[in-house]
Structure formats: C-alpha cells, structure tokens
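For reference, the structure discussed in these notes is given below.
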Amino acid sequence: MAVQQMQKISICALKQDRKSILEILQNMKVLEVTSILDDDKEFHKMDTSSERLDFEKAASLLDQALRVVEKYAPEKKSMFASLEGKVLIGKKVYQETVEKKEELLQISKRLLALEKERAEQKASIIKTENNIESLTPWLGLNIPMNMQGTKYTEMLLGTMQNTTLEQIYQNLAEDIPEIEGVDISIISSDTDMVYLAIICMKEDSEKVEEALRSRGFARPTQIWDKEPASIKTDLEDEVSKQRARIIEIEKEVRGYESRRSELRILADYYRIRAERYEVLGQIPQTEHTFLISGYVPAKEVEKIREYLINRFQCAIDVEDLKEEEEAPVLLENNSFSSSMEGIVEAYGLPKKGEFDPTTIMSFFYVFFFGMMLSDAAYGAIIAVACFILLKKYPRMSHSMKQSIKLFFYCGLSTVVWGILFGGYFGNIVDVVSGKYFGKTIAVPALWFLPLSDPMKLLVFSMLFGMIHLYVGLGIKGYKCLKDGLVLEFFCDVVLWFALLTGLILMLIPSDIFASIAQTQIVFPKALHIIAKALAIIGALGILLMSGRSSKNPGLRLALGAYDLYNITGWLSDVLSYSRLLALGLATGVIASVINQMGSMMPNNVLGVIGFIIIFIIGHTLNLAINLLGAYVHTNRLQFVEFFGKFYEGGGRAFRPFAPETKYVDIKEET
C-alpha cells in the first residue's frame, strides 16, 4: 500500500560507452528519462530524428510485410490467443536474426512488391472483364470494329435506345429524305439498347450520323482493330494469364511463411533502436562525454550504480526530489491488492502528497462485488476459469493478468457470499430434487435467504455502506494529521463523525428504522442523550467552522450552512449502497426464473434435454449480465462514494525507458 519513492539520478559517462549504457538502461526498465540541460557551450544535443525515422520506417516495412504473409498464410490461433502474450526468445536467437537484417529487409520489400503486383493484376482483370462485357454485344459483327468502309462507303457503329429497324429508317426518311442507299443492321439488342452497324455513302456519312445523333445515336466508347469474337478470345486469354500470375504470387508469398518469426523479431529490433535513438536525441553530450538523467525508484538506485560503475567509467549522482517537484507515480502493492491497481489508475493515480488507496479499496471492492453477484456456483465458475487461465497462460500481458486476478478474487468472494445466501445457480437444488427425484431438498443458507428477507439485506447493505464511507472519512483524517493540519482534522473530520454518528444513533431506535429492519431496537436513555449531543455539537461545529477561512461573520455562517447542507449528499451516498440489495436480488430472481422455466418441461428424456438447454443458455446469460453489472456498480461505489471522501488523484504514471516490442520479448541470458 504505497507509492514508490522516486529519486533523480544523473549518469555522466564516456561518449564511447553511450550505446552500451543506453542498452543496459533500456533492458533494466527502471529509468524514466528527463532532460535537465538545454544546449549550451559545453553540452549539446544530437539530432537523431533522421536515424529514428529510418528505424521506424524499417519497422513499418516489416509490419506491412507481415500483414501480407498473414493475408495469404493466416497463422492458426486459438480463441485464447490474446492471452498467450508475446513470444519469449533468447538473446542468441535475437542476435542471429539481427545479423540477417539485410536479407529480411529484402524479403519484406519483395513481399510488398508482390502484393502491389497482385493488386495491379486484380485491377487489370477487372478492367479486362469490363472490356469483355462491353464487347459482348458486338460479337455478331464479323469484321473489325475500326473498319472505315470501302472506297465509296463508310461504316458507322453505335447504339440507340431500344427501337426497330422500321422506326430508324422512318426517322432517317423524315430527317434527310434526299439521301438514299443507307443500309442498317442490328448486331444485337437488349432491353435498353440496340447495337447497330450502318453502311452509307461517304459523302452522306456526316448527315446520316448527325440525323441519327439527334435520335440518340452514340458511337461505342472503345473501337478494336480485330473482329469482336477474336478480341474476346484474346482478352479471355489475358485474364487467364493474369489469374495464373495471381496464383503464382500468392504461392510465392506463402513460401515466406517460414520467415514470419524472423520478420517479427527484426521489426521489434528496429522499434527498440528507434526508441533508443529517441532518447539519444534528448541527452546532452560533449565531445567526449554524455549525460543522462531521469526519475528512478529509490530501491533501484544501488542496482543501477553497482551495475554501471563495475563496467564503465562513469559518475552517478542521486538526489531527492524537491518539495515542489511532481514525480511520476509507481504503485507497489502485495499480490492481492496489485490486481486492483488498474481500477485506481482508471480513476487517477495519487498526486503528490496522497497515499495509495489500492489496498484498502481492494478489500471493499472484492467484498461488494461478491455481495452483488452472490451465487456460489457463478463464483466458482469465475474463480476456476480465471485460475486455469492464469496457470495456462503465464506470459499474458501485465494488464490482462491484473484483470484476470481481479476476477479470480472476486469469484472467490462470490462463492463465500453465495454460501452465506444459499445461492447455487439460484435454487437449482430445490427444483431438480423436487421435479426429478420427488422430494425437495433445500440447501440451507449459512446466513439468510435474500429473496425471503430482502429488508434484512437492505439494512446490512446500508450498514456496509456506512462502514465504507466512514473509512473514507477516516482516511481523510489520517491525511490531515499526517500533514499537521490539526484544525482541518477537527473541523472537516471529527465534527462530521460526530454529526453522522449522532444522527445514526437517533435513527436506529425510531419507528422508521423499525419498519425497515422489521425489528425494534431500544437504546438506554443515556445513549439517546449522547446521540443528540453528538448531532448538535457536530451540526453547530460545522455551521461555525466550515467557513473559517472568511473573516466576514455573515459569509462564514452562510458557508457553514451550505456545508451542513451536504448532509443530503451523505444520505444520497448511503442510499447508493442499496444497489448491493438490487443486484444481489436480481441475480437470484433471474436464476430462479430460469430454473422455473426449465422445470416446466415434461418429465421424460426430451424434457430433461430441454431442461439442460434452458439451464445452460439461461444461466450463461444471467452470469454475463450480472457479472457486468457487479463490475460496473462496484467501480461506481469506489469512484463516487469512497474516493469522493478523501481522494483526488491526478498523478502521472511512471513511464520507464524500456523495450516497447510488439511481437516478442527478449530473454536476458546471463
């Protein structure tokens, strides 16, 4: 339950060792590099943008090549492939692959060239097929389409809206009655067009074409120098050759499938190099030395010092952070609480002066999650599934491992609450025993059945909510005392504790509470007096002290009254914990309805099969819906009700200089 202490470290070493030192620091993953010097007479920064860009381009080239290979030789992956994590390779394999980088880059370029050629071939096929389609109506023409005619005649090819020869001749006679000797042939027709070949005298060709154009005549968009049937055959042969070439290209691409792992390793090599050169461009250098500085966890300082001083000529200076300096945040928690760090990060990491709330929050988180889901069978399924995934896929990403561990612990909590509430797939034991064995066997709840006594669950939900809120307010008090703010501790924490405690003690013996809890609680008269005194002292103290920063008495009372009005916010927060009741009941009610639906099936073989189908589908959906509901609402109780009492967040995450690989992890061999 802590934010790791950070220190500033500065390493000054010989320029000839900078590559080795940067590689070591990158692999150690403990230094967040910062710049402490601008260019001056002694120190300057290298412009490494060109080299970094080259490495990034090389990595991008390899990524594109890998996508080409994946497109035509997809890698077989299981449905849990996302959990497998990156492939772990040895340093030797890594170095051997890097030595073949020129060959692998040529392979990548070849793959991209093949993909480009394939795309061109595909485009050419589409274009050729369009030509074949446009040529098809002219297949009845047994002369070249570009034939002009004879010495005295001219041939006109074109299309018109669907019509008849008689109509075309009639239109020509109306438009140019003086012209004779025009011969018109319909090569083909479809529902919209007729395809015409027109023979006329050369001197009349312009008038004939002009007359036909006025009636919708249009020349073909493409004219061929051979008979259409011959051209079609040539085009079909061309398409066959193009398709064959595409098959050859795809076969050649699949031939590079065995180099996939090498391409991945090299892509990550260039990524690491690009990151290293990005840092190299940030560090100040002289002619013979360089200086690298940044934030490092205090517990890692000696490790860095010992490792570098034993290997290089260098000077290392370590200093504590200045009071006003905002350091990056790195959380450190035990195995259980660390699984909840992602929840805290989603809200915001602790800023300077705040402590890490993960450990305290984690217990409440698991407690409330299990109470909301509250079915032992569901919890067992979640816990077992998560346990298997954690054991089977040890190399999954850190964030994924945290999430699965979170649900594992939540599953265990759900099992406990399910046993307390007697929930095992709802009331499945009662239903199955009564329907198929003739005798109802009820599994007793270790505590009580929420469906039979929902008001009792509501009371305990409110109780747990008050404990949660009291802890949040107590943490605020701890922070005040830690920072030496005794007055703030008294005014903003003690007085609120007094007011809230007094009101609760006044509420418990009331008729309102008795109607909710279905039981009458009687306190001694002395406790009644103490409760009223606490409430009055707390209210008056808040009224008079909340506006203490103002010297104006009227404004001070107004601010105090406004702060006192915040008691309605506390009431709203407490009522928010009724969602523990709502979601807990929803899980049990829906499960019972599913079981009841299954029990309506006849008591025979088909009925049993139907019952099993309803059981599997229904409970799967119920588990999925209520699992999501429990996750969302548990988060809300932490973010709004709990963190709202003491926590602000806003810290910046620690981002160490580390190899950011995409495909592989490199094992450091000693």
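It should be emphasised that the depicted structure is a prediction, and the values quoted were computed from it without experimental measurement. The basis for the numbers below is simple: all heavy atoms, side chains too, and nothing from hydrogens, waters or symmetry mates.
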>> The test is side-chain contact (heavy atoms from CB on, under 4.5 Å); show your working for I404 and F408 and say whether it passes.
In response: CA-CA 6 Å; I404 293 179; F408 170 72; 5.5 Å; no
> How would you list, by chain and number, every residue that makes a side-chain hydrogen bond (donor to acceptor under 3.5 Å, both in side chains) with K19, sequence neighbours excluded?
Replying inline: none
>> Using side-chain heavy atoms (C-beta onward) and a distance below 4.5 Å, is K8 in contact with E325?
In response: yes
> Under 4.5 Å between any side-chain heavy atoms of L104 and I265, yes or no?
Replying inline: no
> Where the side chain of K401 meets the backbone of P394, is there a donor-acceptor pair that is under 3.5 Å apart?
Replying inline: yes
>> Which residues pass the salt bridge (charged side-chain N to carboxylate O under 4.0 Å, His left out) test with R655, not counting sequence neighbours?
In response: none
>> Considering only residues two or more places apart or on different chains, which pairs with a residue in residues 381-395 satisfy salt bridge (Lys or Arg N to Asp or Glu O under 4.0 Å)?
In response: R395-D665
>> In the structure I gave you, are the side-chain heavy atoms of Y347 and I343 within less than 4.5 Å of one another anywhere?
In response: no
>> Applying side-chain hydrogen bond (donor to acceptor under 3.5 Å, both in side chains), can you list everything that pairs with S403, at least two apart in sequence or on another chain?
In response: none
> Looking at E70 and R67, does any basic side-chain N land under 4.0 Å from a carboxylate oxygen?
Replying inline: no
> Salt bridge check: are E115 and R118 linked by an N-O gap of less than 4.0 Å?
Replying inline: no
> Can you list every pair that meets salt bridge (Lys or Arg N to Asp or Glu O under 4.0 Å) and has a residue in residues 634-644, with sequence neighbours left out?
Replying inline: R636-E641
Which donor-acceptor pairs under 3.5 Å do side chains of residues 48-55 form with protein atoms, sequence neighbours excluded?
residue, atom, partner, partner atom, Å
T48, OG1, Y277, O, 2.7
S49, OG, D47, OD1, 2.7
R52, NH1, E56, OE2, 3.4

>> Quick check: closest heavy atoms across A58 and L105, and the distance to 0.1 Å?
In response: CB-CD2, 4.4 Å
>> Tell me whether K100 is salt-bridged to E103, with the criterion being a basic N under 4.0 Å from an acidic carboxylate O.
In response: no
> Taking only residues two or more places apart in sequence, or in another chain, which ones meet H619 in a side-chain contact (heavy atoms from CB on, under 4.5 Å)?
Replying inline: Y378, F425, A591, I594, N595, F615
> For the residue pair S374 and T587, what are the closest heavy atoms and their distance?
Replying inline: OG-CB, 4.4 Å
> Between Y647 and G348, is there a donor-acceptor pair closer than 3.5 Å when you use the side chain of the first and the backbone of the second?
Replying inline: yes
> Do S124 and E120 have side-chain N/O donor and acceptor atoms under 3.5 Å apart?
Replying inline: no
> For H398 and Q402, what are the C-alpha separation, side-chain angles and deciding distance, and is it a side-chain contact (heavy atoms from CB on, under 4.5 Å)?
Replying inline: CA-CA 6 Å; H398 177 68; Q402 278 189 325; 3.4 Å; yes
>> Under 4.0 Å between a side-chain nitrogen and a carboxylate oxygen: does that hold for E354 and K479?
In response: yes
> For L291 and S10, which heavy atoms make the closest approach, and how far apart are they?
Replying inline: CD1-CB, 4.2 Å
> Between L280 and I283, which heavy-atom pair has the shortest distance, and what is it?
Replying inline: O-CG1, 3.3 Å
> When the ring planes of F646 and F642 are compared, do they come out parallel, tilted or perpendicular, using 30° and 60° as the limits?
Replying inline: perpendicular
> Taking D17 for the side chain and F312 for the main chain, is one N or O donor matched with an acceptor at less than 3.5 Å?
Replying inline: no
> Are E332 and K299 close enough for a salt bridge, meaning some N to O gap below 4.0 Å?
Replying inline: yes
>> So, using salt bridge (charged side-chain N to carboxylate O under 4.0 Å, His left out) as the criterion, who are the partners of E278 when residues are at least two apart?
In response: none
> With a cut-off of 6.0 Å (strictly less than), are more than 12 heavy atoms of other residues, nucleotides or ligands near CD of E306?
Replying inline: no
>> List the residues meeting salt bridge (charged side-chain N to carboxylate O under 4.0 Å, His left out) with E302, not counting sequence neighbours, and say none if there are none.
In response: R305
> Who passes salt bridge (charged side-chain N to carboxylate O under 4.0 Å, His left out) against E660, sequence neighbours left out?
Replying inline: none
> Where do S108 and L263 land on the side-chain contact (heavy atoms from CB on, under 4.5 Å) test, with the steps shown first?
Replying inline: CA-CA 8 Å; S108 298; L263 294 173; 3.6 Å; yes
Under 3.5 Å, which donor-acceptor pairs do the side chains of residues 22-30 form with other protein atoms, sequence neighbours left out?
residue, atom, partner, partner atom, Å
Q26, OE1, R276, NE, 2.9
Q26, OE1, R276, NH2, 2.8
Q26, NE2, E275, OE1, 3.3
N27, ND2, E23, O, 3.2
N27, ND2, E668, OE2, 3.4

> Is it true that a side-chain atom of N622 and a backbone atom of G618 form a donor plus acceptor pair closer than 3.5 Å?
Replying inline: no
> Can you check whether Q638 reaches P357 side chain to side chain, under 4.5 Å on heavy atoms?
Replying inline: no
> Is a side-chain N or O of S338 found less than 3.5 angstrom from the main chain of N333, in a donor-acceptor match?
Replying inline: no
>> Determine whether Y256 and L111 satisfy the following criterion, side-chain contact (heavy atoms from CB on, under 4.5 Å), listing intermediate values before the conclusion.
In response: CA-CA 8 Å; Y256 291 110; L111 284 166; 3.5 Å; yes
> CD of Q95: more than 12 outside heavy atoms within 6.0 angstrom?
Replying inline: yes
> Short question: side chain of H44, backbone of Q285 - any donor-acceptor pair under 3.5 Å?
Replying inline: yes
> With a 4.5 Å limit on heavy-atom distance, are the side chains of I625 and I590 in contact?
Replying inline: no
> Distance-only, no hydrogens or angles: does the K662 side chain make a donor-acceptor pair with backbone N or O of A267 under 3.5 Å?
Replying inline: no
> Which heavy atom in V415 sits nearest to a heavy atom in G379, and how many Å separate them?
Replying inline: CG2-C, 3.4 Å
>> How about CD on E75, more than 12 heavy atoms from neighbouring residues, nucleotides or ligands closer than 6.0 Å, or not?
In response: yes
> Is the NZ or CZ atom of K86 both under 6.0 Å from the centre of the six-membered ring of Y663 and within 45° of that ring's axis?
Replying inline: no
> Out of Y577, F367, F363, Y470, which residue meets the ring-ring contact (aromatic ring centres under 6.0 Å, His included) rule with F464?
Replying inline: F367
> Which of these, L420, V416, T634, L580, sits in a side-chain contact (heavy atoms from CB on, under 4.5 Å) with M371?
Replying inline: L580
> Is the shortest heavy-atom distance from the side chain of F355 to the side chain of I475 under 4.5 Å?
Replying inline: yes
> Could you give the distance from OG1 (T661) to CZ (R271), rounded to the nearest 0.5 Å?
Replying inline: 8.5 Å
> Above 12 or not: heavy atoms from other molecules or residues under 6.0 Å from NZ of K15?
Replying inline: yes
> Under 4.5 Å between any side-chain heavy atoms of L627 and F369, yes or no?
Replying inline: yes
>> According to side-chain hydrogen bond (donor to acceptor under 3.5 Å, both in side chains), does anything in residues 404-419 pair up with another residue at least two apart or in another chain? List the pairs.
In response: S335-K405
> Can you name the closest pair of heavy atoms from A65 and L112 and give their distance?
Replying inline: N-CD2, 4.0 Å
>> Any non-hydrogen side-chain atom of M46 less than 4.5 Å from a side-chain atom of F290?
In response: no
> Under 3.5 Å, is there a donor-acceptor pair between the side chain of S362 and the main chain of T359?
Replying inline: yes
